[in-house]
Amino acid sequence: MLRDRVLLRSASPATVTVNVEQRLDAAPADLAWPYDVAIVGLGYVGLPTALAFHAAGLRVLGVDINEHRLADIRSGAPDLLGSDRARLTSAGSSAAWELSSDLSRVNRARTVIVCVPTPVNAHSVPDLRALRGASAAVVAEARPGQLLMLTSTSYAGCTRDLVVGPLEARGLRVGIDVHVAYSPERINPAVESFSHEDVPRVVGGATRACGDVAVAVLQQYVRSTHLVESLEVAELTKLLENTFRAVNIAFINEFAAVCSSLDVPVSDVIDAAATKPFGFTPFRPGPGVGGHCIPCDPHYLLWQLKADQTRAPILEEAMSGLSQRPRFVASRVRELLADAGTRAMDARVVVIGVAYKPNVSDVRESTALEVISRLRTAGVEVEYVDAHVPSIRLRDSTQLRSIRADDIGAPSLILVHTRHDSFDLDSLPKHARVLDATYTLAQSADCTHL
Ligand SMILES: NC(=O)c1ccc[n+]([C@@H]2O[C@H](COP(=O)([O-])OP(=O)(O)OC[C@H]3O[C@@H](n4cnc5c(N)ncnc54)[C@H](O)[C@@H]3O)[C@@H](O)[C@H]2O)c1
């Protein structure tokens, strides 16, 4: 029974690769545990994770406090990759797939994985309410023999604070009665080229035994794992990955402005630099960063450092630059309108794409929302086209509905914010004035980059 063999193997603190195709999924069910895995939080990350475990032959309990989300999942509505959509269809009719809003049921699962949101509030302060709530519920239900694993992005020491300490306070011995681990999620929503199974997972255990058990569980569907020495190494790994991206995106936005002032196309420079086979990672300039990761995660690190009076000036500067990007985009729109002699109050601007990145419907932290709000405050009439996002709600509660590409008409300016694969650029009106915040359209008399 390979499942047991995996559990018994001793993983060294290094990368371990398993051949998922050769795995035997037919291990008999452990009757003491009605579910092999419970996933708490079935969002952009938790749902594909639950589907991946189910596809690997495990009995899965998906738990989410949001009944609407559960109803969406049951009706097959969530925003998923084609491959995950197929998995959801087959899970829907499987006896090994259950959904519930009752968190107390996690005590029936051998492994409990917590994947709830870790956003920041309007002041960029980490909002740990969901993670605290889910961790407290999971700890309260913990039974000997379980593995509890956090996968939500958070500060270094979070798993120890929210899970290890409270378990010990309950009298459960971590590493003996209950195993605890942290493994950051690296899923890239809507990108088929990196499947969930193919992206290596970093794992840190509260003890060596905890790490080994967590590696064995993840290897049920992931091809490669990398066991590190502690929970904190794993937690900081995720923060390094996303602060690295934040700093580089802020820098390449700055570099785009440098190129613009020298009248050199920034994309040509990046493409050329990317031919270097070592020492250079290409990042692309754009309207800013959105989604649940890059605008939020670095603030978990900065928040933690503040308590210790430790500064991280490069990261602080990068986050400040990124947060000002939507203001810059809005001011460029107004500049181009002014250049054309159009007053803000007489202008109509159409935004192409409001999702935070191509091919998703996710508008969390999308810079488009702030750009639109700023333009509306200045008196500009703003409409948008986004086949993935039928409507948006702005901070002042105004709701806007997507118009059809056929209805763009003759606006004063078109702002290209996000380019979904399905959007046909030929549907843009001929000779319309375009501001391209994606830096992907050819520059011309009609089309300007930011
Ligand atoms: N979205 C990404 O691309 C991405 C990538 C890597 C890592 N992450 C990290 O993964 C975590 C989850 O992100 P997401 O994008 O999937 O979030 P999400 O908002 O899409 O989904 C989270 C789900 O958790 C549910 N939830 C909230 N509180 C709960 C509770 N107490 N008990 C049970 N369910 C609860 C919500 O109803 C929601 O359905 C975050 O920490 C995020 O930083 C996200």
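Only heavy atoms go into these numbers, but all of them, side chains included; no hydrogens, no water, no symmetry mates. In listed order, ligands and their atoms are each counted from 1.
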Ligand 1 to Ala130, heavy atom cutoff 4.0 Å, flagged ligand atoms 28 (N), 31 (N)
Going by the 4.0 angstrom heavy-atom rule, the piece of Cys293 near ligand 1 is side chain
Quick note on ligand 1: atoms under 4.0 Å from a heavy atom of Lys238 include exactly 6 (C), 7 (C)
query: Thinking salt bridges, do Asp198 and Arg223 make one under a 4.0 Å N-O criterion?
result: yes
- Query: Could a heavy atom of Cys115 be found less than 4.0 Å from some atom of ligand 1?
  - Reply: yes
Is it the case that Glu98 and Tyr35 place a side-chain donor and acceptor less than 3.5 Å from each other?
yes
closest protein heavy atom to atom 22 (C) of ligand 1 is Pro117 CD, 3.3 Å
I'd like to know if Glu197 pairs up with Arg87 as an ion pair, taking the criterion as any Lys NZ or Arg NE/NH1/NH2 lying under 4.0 Å from an Asp or Glu carboxylate oxygen. yes
In this structure, atom 28 (N) of ligand 1 is nearest to the protein heavy atom Ile65 CD1, 3.5 Å
One finds that the ligand 1 atoms under 4.0 Å from a non-hydrogen atom of Ser152 are 41 (O)
What do you reckon, are the aromatic ring centroids of Phe53 and Tyr221 less than 6.0 Å apart?
yes
min-distance protein heavy atom vs atom 43 (O) of ligand 1 -> Thr153 OG1, 3.2 Å
The answer for which part of Arg69 has a heavy atom under 4.0 Å from ligand 1 is side chain
### Query
Backbone N or O of Gly288 within a donor-acceptor pair of the Tyr356 side chain at under 3.5 Å?
no
**OP:** Give a yes or no on whether the ring-centroid distance for Phe244 and Phe283 is below 6.0 angstrom.
**Re:** yes
The atoms of ligand 1 lying under 4.0 Å from a heavy atom of Ala134, numbered in the order shown, are 31 (N)
Among Thr118, Val106, Leu47, the residue with a heavy atom nearest to atom 41 (O) of ligand 1 is Thr118
Margin query: What I want to find out is whether Asp36 reaches Arg110 closely enough, with some N-O distance under 4.0 Å, to be called a salt bridge.
Written below: no
### Query
Below 4.5 Å, heavy atoms only, C-beta onward: do Val180 and Thr159 meet side chain to side chain?
yes
For Asn66, the atoms of ligand 1 under 4.0 Å from one of its heavy atoms are 37 (O)
Next on the checklist: Do the side chains of Glu232 and Arg160 get close enough for a salt bridge, i.e. N-O under 4.0 angstrom?
Outcome noted: yes
If you scan protein heavy atoms around atom 11 (C) of ligand 1, the nearest is Val116 O, 3.4 Å
N/O to N/O below 3.5 Å, does that happen between Arg186 and ligand 1? no
Here the atoms of ligand 1 under 4.0 Å from any heavy atom belonging to Glu185 are 6 (C), 7 (C)
Side-chain H-bond candidate by donor/acceptor type, Arg201 with Thr225, under 3.5 Å
no
Residue, atom and distance of the protein heavy atom nearest atom 17 (O) of ligand 1 read Arg364 NH1, 3.4 Å
Of all protein heavy atoms, the one nearest atom 37 (O) of ligand 1 is Asp64 OD1, 2.6 Å
ask   = Between the main-chain N or O of Tyr384 and the side-chain N or O of His417, is there a donor-acceptor pair closer than 3.5 Å?
value = no
Counting heavy atoms under 4.0 Å, the part of Leu103 that contacts ligand 1 is side chain
In this structure, atom 20 (O) of ligand 1 is nearest to the protein heavy atom Tyr44 N, 3.0 Å
Query - Backbone of Pro200 reached by a side-chain donor or acceptor of Arg186 within 3.5 Å - result: yes
closest protein heavy atom to atom 8 (N) of ligand 1 is Val45 CG2, 3.7 Å
Judged by heavy atoms only, the candidate from Lys357, Arg129, His68, His292 nearest atom 14 (P) of ligand 1 is His292
Within 4.0 Å of some non-hydrogen atom of Ile187, the atoms of ligand 1 are 5 (C)
Look at atom CD of Glu316 and say whether more than 12 heavy atoms of other residues, nucleotides or ligands are closer to it than 6.0 Å.
yes
Q.
Do the side chains of Glu241 and Arg245 get close enough for a salt bridge, i.e. N-O under 4.0 angstrom?
A. no
Ligand 1 atoms nearer than 4.0 angstrom to some heavy atom of Val40 are 32 (N), 33 (C)
